[in-house]
Structures are given as C-alpha cells and as structure tokens.
Amino acid sequence: MPKTRKIKEVFLQPGEYFVGNSDYRVRTTLGSCVSITIWHSVLKTGAMSHFLLPTRGRAKAVPPDGRYADEALWLMLHELAMRDVPQTQCEAKIFGGGNMFPLHPAKTRMDVGKKNGQAARTLLTACGIPIVSESLFGEGHR
C-alpha cells in the first residue's frame with residue numbers, strides 16, 4: 001500500500017522566512033508587505049519570505065533580518081545554498097505590495113508597497129533568478 005505523505009502547514013508572520021521541500025505548504029497574508037518565493041522544480045525545494053521594507057537604509061547589523069527585502073533574500077539564498085540548491089536554477093514569484101491607504105492623497109501617502117515590490121524585482125534580477133509570476137500592487141491586502 002502506498003505511503004501517504006502528510007503536508008506540514010507553515011504560516012509566515014511579518015519578518016519571517018522559511019526554507020523547505022515539497023513536504024510543506026507555506027502561506028501568509030500580505031498588505032504593503034511583499035513575499036518572494038523561490039523554487040527549484042527538480043529538487044522540489046524552495047523558500048518564501050514576508051518582508052516589510054526594502055532595506056534598512058543604513059549600515060547592516062548582524063545578524064541579517066528578514067524584515068528587509070535585501071536581507072531576507074540573502075537569508076533564503078544562503079540557506080538554499082547550504083542545501084545544495086543552485087540559485088541560478090531557481091525561479092521566483094512575487095506577491096503583495098498593496099496600497100493599504102488608497103483614500104489618502106498621493107502627495108501625503110508613502111507608497112511602501114510599491115517600493116517593496118520594486119525592490120523584490122530588482123533584487124531577483126540582480127541575482128539572476130527569473131520572475132515567472134507576480135501579483136503586485138493594487139489596493140488592500142492579499
């Protein structure tokens with residue numbers, strides 16, 4: 001009789017990331033935050049982040065912090081590399097970056113969601129990881 005595998009559920013809070021294989025189902029809820037997912041289809045291993053801001057905007061502190069896009073991506077890629085997952089063979093998807101305050105005038109609104117989404121695109125492109133799908137921006141949460 002075939003053995004059925006039990007899928008483990010993981011829910012990411014803001015500032016968290018997760019690296020695992022196809023035994024896990026990872027999810028989150030996003031507003032202006034953005035989630036980068038990275039997947040290696042042959043090795044069935046990937047990562048997912050839930051970051052709040054593109055960068056710290058000052059000198060980096062140790063240890064890296066998953067609340068920031070650049071550091072979250074570094075953490076995920078580092079952990080994938082430790083599992084012998086080559087980043088150049090991965091693909092990415094990006095989600096989130098919603099405008100949580102659409103009724104505020106554009107001049108007074110700081111569009112963190114748009115900056116987060118643009119940071120995700122820029123970082124992944126710089127790492128040579130193709131973005132195969134995205135669902136970014138718009139109003140409200142996802």
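Values reported hereafter were calculated over all heavy atoms of this structure, with side chains retained and with hydrogens, waters and symmetry mates removed.
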### Message
Heavy-atom count check: over 12 atoms from other residues, nucleotides or ligands less than 6.0 Å from Lys6 NZ?
### Response
no

### Query
If you draw a 6.0 Å radius around CZ in Arg83, do more than 12 non-hydrogen atoms from other residues or ligands fall strictly inside?
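Count over threshold, so yes.
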
### Message
Go through it in stages, so that I can follow the logic: the residues are His40 and Thr45, the test is side chain to side chain donor-acceptor pair (under 3.5 Å), and I'd like the CA-CA distance, side-chain angles, deciding distance and then a yes or no.
### Response
CA-CA 5 Å; His40 191 289; Thr45 301; over 6 Å; no

### Query
Going only through I, L, V, M, F, W and Y residues with side-chain contacts under 4.5 Å, is there a path from Ile36 to Phe137?
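Yes, because Ile36 and Phe137 connect within a single hydrophobic cluster, where side-chain heavy atoms sit under 4.5 Å apart.
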
Mind checking whether [X] and [Y] have side chains closer than 4.5 Å, heavy atoms only?
| X | Y | result |
| --- | --- | --- |
| Ile38 | Glu91 | no |
| Asn99 | Ser32 | no |
| Arg121 | Leu136 | yes |
| Asn21 | Lys44 | no |
| Arg56 | Glu71 | yes |
| Ser49 | Glu16 | no |
| Val19 | Leu80 | yes |
| Phe95 | Leu30 | yes |

### Task
Determine, step by step, whether Glu9 and Arg27 satisfy the salt bridge (Lys or Arg N to Asp or Glu O under 4.0 Å) criterion, reporting the C-alpha distance in whole Å, the side-chain angles of both residues, the deciding distance to 0.1 Å, and the verdict.
CA-CA 8 Å; Glu9 299 279 338; Arg27 58 191 177 91; 3.6 Å; yes

### Task
For the pair Phe51 and Tyr68, evaluate ring pair (Phe, Tyr, Trp, His ring centres under 6.0 Å) and give the outcome as yes or no after the intermediate values.
CA-CA 5 Å; Phe51 67 86; Tyr68 306 99; 9.3 Å; no

### Exercise: identify the closest heavy-atom pair between His50 and Thr29
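So the two residues come closest at CE1-O, 3.1 Å.
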
### Task
Mind listing the closest non-hydrogen atom pair of Leu52 and Val112 along with its distance?
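Nearest pair, atom of Leu52 first, then Val112: O-CG1, 3.7 Å.
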
### Query
Is Thr37 reaching over with its side chain to a backbone N or O of Met48, donor-acceptor style, under 3.5 angstrom?
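Side chain of Thr37 to backbone of Met48, a donor-acceptor pair under 3.5 Å: no, none is there.
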
